Amino acid sequence: MKKTYFNHDSNARNDLKLIRLRRVGGFEYYGIYFAVLELLFSEENKLCIEDYDNLAFGLQCETEKLRAVIEDFDLFTIEDKC
């Protein structure tokens, strides 16, 4: 049976990396972060980031903001553009 939910810490907003993320981009970046987590969950924890424009369109956010959330806050491991 496919899982349609994932657990996350109820106090995730207090993680130092996420505080920095919110300081820079507010809750908009925080929302993008959790949208990426949802996307990762549905893609079995691997997401290729070669085309930020299409990913951003799918998440209905600006390309540069998505790139910043993924690359600038040490929240994700990136190997071979995935």
Side-chain angles (χ1 to χ4, degrees):
M1 180 175 179
K2 184 174 179 167
K3 291 177 73 175
T4 57
Y5 67 92
F6 64 94
N7 294 331
H8 78 276
D9 293 334
S10 62
N11 65 344
R13 72 188 177 285
N14 294 321
D15 179 276
L16 290 178
K17 290 179 183 179
L18 293 179
I19 288 172
R20 181 171 168 256
L21 174 115
R22 287 190 292 118
R23 182 177 51 79
V24 172
F27 275 96
E28 181 179 14
Y29 276 28
Y30 189 72
I32 293 169
Y33 168 72
F34 273 98
V36 170
L37 289 184
E38 291 172 357
L39 189 55
L40 280 168
F41 179 82
S42 68
E43 297 296 322
E44 298 182 6
N45 296 322
K46 188 170 185 178
L47 178 64
C48 290
I49 54 173
E50 294 173 327
D51 187 356
Y52 274 120
D53 289 329
N54 282 328
L55 287 173
F57 180 80
L59 296 176
Q60 293 294 286
C61 67
E62 295 175 25
T63 300
E64 182 53 33
K65 291 179 180 181
L66 175 62
R67 189 215 53 78
V69 168
I70 291 174
E71 294 183 12
D72 294 352
F73 299 95
D74 197 30
L75 294 165
F76 301 99
T77 301
I78 300 172
E79 297 175 348
D80 299 323
K81 295 188 178 183
C82 292

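Everything numeric here is computed off the predicted structure, so don't read it as measured data. The figures that follow rest on heavy atoms only: side chains count, while hydrogens, waters and symmetry mates do not. When a residue number appears, it is its place in the shown sequence, counting from 1.
Residues I19 and R13 are not in side-chain contact: their nearest non-hydrogen atoms beyond the backbone lie 4.5 Å or more apart.
Between the NZ atom of K46 and the CD atom of E79 there is a distance of 8.5 Å, given to the nearest 0.5 Å. Separating the CG atom in L55 from the CG atom in L39 is a distance of 6.5 Å, to the nearest 0.5 Å. A distance of 6.0 Å separates CD of E50 from SG of C82, quoted to the nearest 0.5 Å. In this structure, the separation between CG on L75 and CD1 on I70 is 10.0 Å, given to the nearest 0.5 Å. Rounding to the nearest 0.5 angstrom, the gap separating the CG atom in L66 from the CG atom in N54 is 11.0 Å. Taken from CG in L40 to CZ in F76, the straight-line distance is 6.0 Å, to the nearest 0.5 Å.
Between the side chains of E71 and Y52, a donor-acceptor pair is found at a separation under 3.5 Å.
For D74 and R20, the salt-bridge test fails: no basic side-chain N is under 4.0 Å from an acidic carboxylate O.
Closest approach of L18 to A12, counting heavy atoms only: CD1-O, 3.1 Å.
For Y29 and Y33, the ring centers are positioned 6.0 Å apart or more.
Judged as a ring pair (Phe, Tyr, Trp, His ring centres under 6.0 Å), not a single pair has a partner in residues 53-72 (not counting sequence neighbours).
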